[in-house]
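Structure, as structure tokens:
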Amino acid sequence: MKRVLERSTDSSLCNLPSRISVMVMCAVFLPFCLSSAGGEPPVAVKRRGGTVSVGLESDFPGFDPLKAHGLGLSAATALNLVGERLFDTAGDGRCIPVLGLSAEPSDDGKTWTIKLRKGVFFHDGSPFTADAVVHHWKRILDPANRFRGRLLLRPIRSVRRVDDHTVQFDLRAPWASFLTTISSIRFIASYIPSPKAVDAKTYDRAPVGTGPFMFKEWKTGERFVVVRNPKYRRQGKPYLDGIVFRFQPDPQTRYASLKSGQIDVMWTDRGNVILKAKSDKSLVTYEKEGPGATVLLLNNTKPPLDDLRVRRALAHAWNQDFFVRMAAGGTVPSVHDPFGDTLKCDDVGHREYDIDRAKALLKEYGRPVVLQMDHTSTPRGRVFAEITQQLFKRVGVVVKPAPCDYLQLRKRLITNAYQLSGYVMRGNGDMGPMLSALFFSGSPLNLTRYGQPEMDKLLIDQLTESDPVRRKSRLCSIARLLNKDVPIIYAGGIRHYIFARPEVKGIGPIDLGIARLSWVWLDR
């Protein structure tokens, strides 16, 4: 059963025969990806030149995976221009060659052989070869380096060079989401950096990749600038001379800058600004629902949340539709599972808003329920805590908000020093690895300290199951068990918004919150 991704042209789709179960996972679980590696829409004339300014909420933490650890939306949008991944995904979920040309698993599914593109160079002039891929992945997988995302890569045993343009990934067991995980646009380890820049310890602040744009300047707290790669392998691309990312924490300021023409593109997740911008006919709206969710974390080891009756009572006291209206202006959907539009389950046993049921469970528990809710001291965090306090007060539960900065909150979550907290379950093309990280009993990222043998078995089974129908069944069973045992309460799904001035053309569809800007051009 050989499964091969065949390349026909530079932007061709990876052919996935329908009889192949492992590779079909990409198509089954990634329908949200709407763009090709090129990502440009069919337009008649694409002008060259000019610079586009993009308004973002926050500065970047850096780009070295061992230092930055993760990749937020802002940083991922920039890194996607400078760096490249082995594969991308198309609108129907098929895989597209980027730095990799083909991926072929062994018959037992435990070894993947990846053929690499020839004639590619990093921005510093060094060649892209198998050595660069191995250099990167060995660094990521080395336990001594303590890469935080290594937890998502546990099935990978090793990576080795076969020849100058071939590498092999050896797995501990067949892994259904291998290819989608190592190629995710939101995974910092997916991007192959220049070994020269990594060894020189300059990559974190001055990323060097093989992408259509090159790093030029980073002024902390103000701007990040990339310019056209004149030697990019795709002739005539990119179209722009450069892209400037401007850091504007206040969403109203970003909106005003977009209206005045100081910036050309804006990202925001603030409901009031989204509603205003969507109704503005002088702007173009790009929006896309995705996987993931905003949730309440319930610490299963801290009384009274160690009692299932209390957790279920809170779930019935929670009015998600009210929260979505009040906190986000109705700009995100209410959800019953973490899959968004990437996977549709039948009934997952979501506990609906039912005050009488909540009160009955609390009466059965028989003791007062007082909870401390840790939250960030941002406007977003305060609103989350205030609404939570208001909703639970209706059933007699007392919530005491405890504001803190982001680093303090993260420490409390990791060290199990909290009862209740808001959290964003980050979306990914395949939610299986993320669910394993958050809910497997032995995972260091199991922030709720939820432990259930049935859940552990489901998480292991979905990891190795290659049949897409059976794997979907396991993922839906995971969602059903989460609603049964209530380690989390859903506070809204994910819908991403990008707003642009009409002269900005060629923005690719939003992918996990990231707007594709590689082939943007200006009609002015």
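In this text the structure is predicted, and so the values were computed from the model without any measurement. Worth knowing before you read on, the calculation uses all heavy atoms, side chains too, and leaves out hydrogens, waters and symmetry mates.
No option in D88, V120, I192 other than D88 meets the side-chain contact (heavy atoms from CB on, under 4.5 Å) test with V98.
For K484, the side-chain contact (heavy atoms from CB on, under 4.5 Å) partners are R312, L481, not counting sequence neighbours. Under the ring pair (Phe, Tyr, Trp, His ring centres under 6.0 Å) criterion, F128 pairs with no residue at all, not counting sequence neighbours. The side-chain hydrogen bond (donor to acceptor under 3.5 Å, both in side chains) search around Q372 returns D374, not counting sequence neighbours. Taking the ring pair (Phe, Tyr, Trp, His ring centres under 6.0 Å) definition, one finds that H336 meets it with H350, sequence neighbours left out. Residues passing the side-chain contact (heavy atoms from CB on, under 4.5 Å) test with D163, sequence neighbours excluded: K115, H165, T166. Applying the ring pair (Phe, Tyr, Trp, His ring centres under 6.0 Å) criterion to F63, with sequence neighbours excluded, gives F60, W218, F224.
Nearest heavy atoms, I414 versus R449: O-NH2, 2.7 Å. The minimum heavy-atom distance between G349 and N483, with the atom names listed, is O-CB, 3.4 Å. In terms of heavy-atom proximity, H123 sits nearest to G211 at NE2-O, 3.0 Å. Across every non-hydrogen atom of L445 and L438, the tightest pair is O-CD2, 3.6 Å. Between G493 and V335, the closest heavy-atom pair is CA-CG1, 3.5 Å. Across all non-hydrogen atoms, the minimal contact from P304 to Q419 is CD-NE2, 3.8 Å.
Judged by distance alone, with hydrogens and angles left aside, the side-chain atoms of N145 form no donor-acceptor pair with the main-chain N or O of F147 at under 3.5 Å. A distance-only check finds a donor-acceptor pair linking the side chain of S443 to the backbone of A437 [under 3.5 Å]. In this structure, H375 contributes its side chain and L409 its backbone to no donor-acceptor pair below 3.5 Å. D456 places a side-chain N or O within 3.5 Å of a backbone atom of S441 that can act as its donor or acceptor partner. Although no hydrogens or angles enter the test, the distance criterion places no donor-acceptor pair under 3.5 Å between the side chain of R351 and the main chain of H316. At distances below 3.5 Å, at least one donor-acceptor pair connects side-chain atoms of R480 with backbone N or O atoms of D347. A donor-acceptor pair under 3.5 Å links the side-chain atoms of R311 to the main chain of D485, judged by distance alone. For K411 (side chain) and A417 (main-chain N/O), no donor-acceptor pair under 3.5 Å exists by modelled atom type. Between the Q320 side chain and the G492 main chain, a donor and an acceptor come within less than 3.5 Å of each other. With hydrogens and angles ignored, the 3.5 Å screen pairs no side-chain donor or acceptor of R161 with any backbone N or O of A130.
Side-chain atoms of L179 and C95, non-hydrogen and from C-beta on, do get closer than 4.5 Å to each other. Taking the side chain as every heavy atom from C-beta outward, P105 and T113 never approach each other to under 4.5 Å. Between N300 and L305, the closest side-chain pair of non-hydrogen atoms is not below 4.5 Å. Proximity of I494 to V332: side-chain heavy atoms (C-beta onward) are nowhere separated by under 4.5 Å. L151 has its side chain within reach of P444: a pair of non-hydrogen atoms, C-beta onward, lies under 4.5 Å apart. Side chains of R516 and I185 form a contact here, defined as non-hydrogen atoms less than 4.5 Å apart. Counting only heavy atoms from C-beta outward, the side chains of I488 and F439 approach each other to under 4.5 Å.
Centroid-to-centroid, the aromatic rings of Y497 and W267 stay 6.0 Å apart or farther.
Salt bridge annotation for D467-R474: absent, with no cationic side-chain nitrogen under 4.0 angstrom from a carboxylate oxygen. The residues K138 and D142 are annotated as not salt-bridged, no charged nitrogen and carboxylate oxygen being separated by less than 4.0 angstrom. By the 4.0 Å N-to-carboxylate-O rule, R117 lies too far from E84 to be salt-bridged with it. The pair R186-D511 does not count as a salt bridge, with every side-chain nitrogen at least 4.0 angstrom from each carboxylate oxygen. A salt bridge links R160 to D170: one of the charged nitrogens lies within less than 4.0 Å of a carboxylate oxygen. Checked for salt-bridge contact, E465 and K472 miss the test: no charged N lies under 4.0 Å from a carboxylate O. Under a 4.0 Å N-O distance rule, the pair D64/R139 qualifies as a salt bridge. With respect to the salt-bridge test (charged N to carboxylate O, under 4.0 angstrom), the residues D341 and K288 qualify. A salt bridge links D307 and R309; the closest N-O separation between the charged side-chain nitrogens and carboxylate oxygens is under 4.0 Å.
Atom CG of N229 is separated from atom CG of L81 by 11.5 Å, given to the nearest 0.5 angstrom.
Using modelled atom types, one finds a donor on one side chain and an acceptor on the other under 3.5 Å when comparing R205 with T220.
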Show your working on side-chain contact (heavy atoms from CB on, under 4.5 Å) between L298 and T448 and close with a plain yes or no.
CA-CA 6 Å; L298 280 60; T448 63; 5.7 Å; no

Walk me through it: do I507 and L517 pass the test side-chain contact (heavy atoms from CB on, under 4.5 Å)?
CA-CA 6 Å; I507 293 180; L517 303 177; 4.3 Å; yes

Verdict with supporting geometry, Y232 and F213, ring-ring contact (aromatic ring centres under 6.0 Å, His included):
CA-CA 8 Å; Y232 190 60; F213 289 88; 8.7 Å; no

Go through the steps to decide whether Q462 and S436 satisfy the test side chain to side chain donor-acceptor pair (under 3.5 Å), and finish with yes or no.
CA-CA 9 Å; Q462 66 82 25; S436 294; 3.1 Å; yes

Starting from the C-alpha separation in whole Å, work towards a yes-or-no answer on salt bridge (Lys or Arg N to Asp or Glu O under 4.0 Å) for D306 and K302.
CA-CA 6 Å; D306 58 345; K302 298 290 185 182; over 6 Å; no

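Environment of NZ in K196: sparse, with no more than 12 heavy atoms of neighbouring residues, nucleotides or ligands closer than 6.0 Å.
In this structure, R154 forms a cation-pi arrangement with F440, its terminal cationic atom sitting closer than 6.0 Å to the ring centre and no more than 45° off the ring axis.
Note on ring orientation: taking the six-membered ring where Trp is involved, the planes of F323 and W318 are tilted (angle from 30° to 60°).
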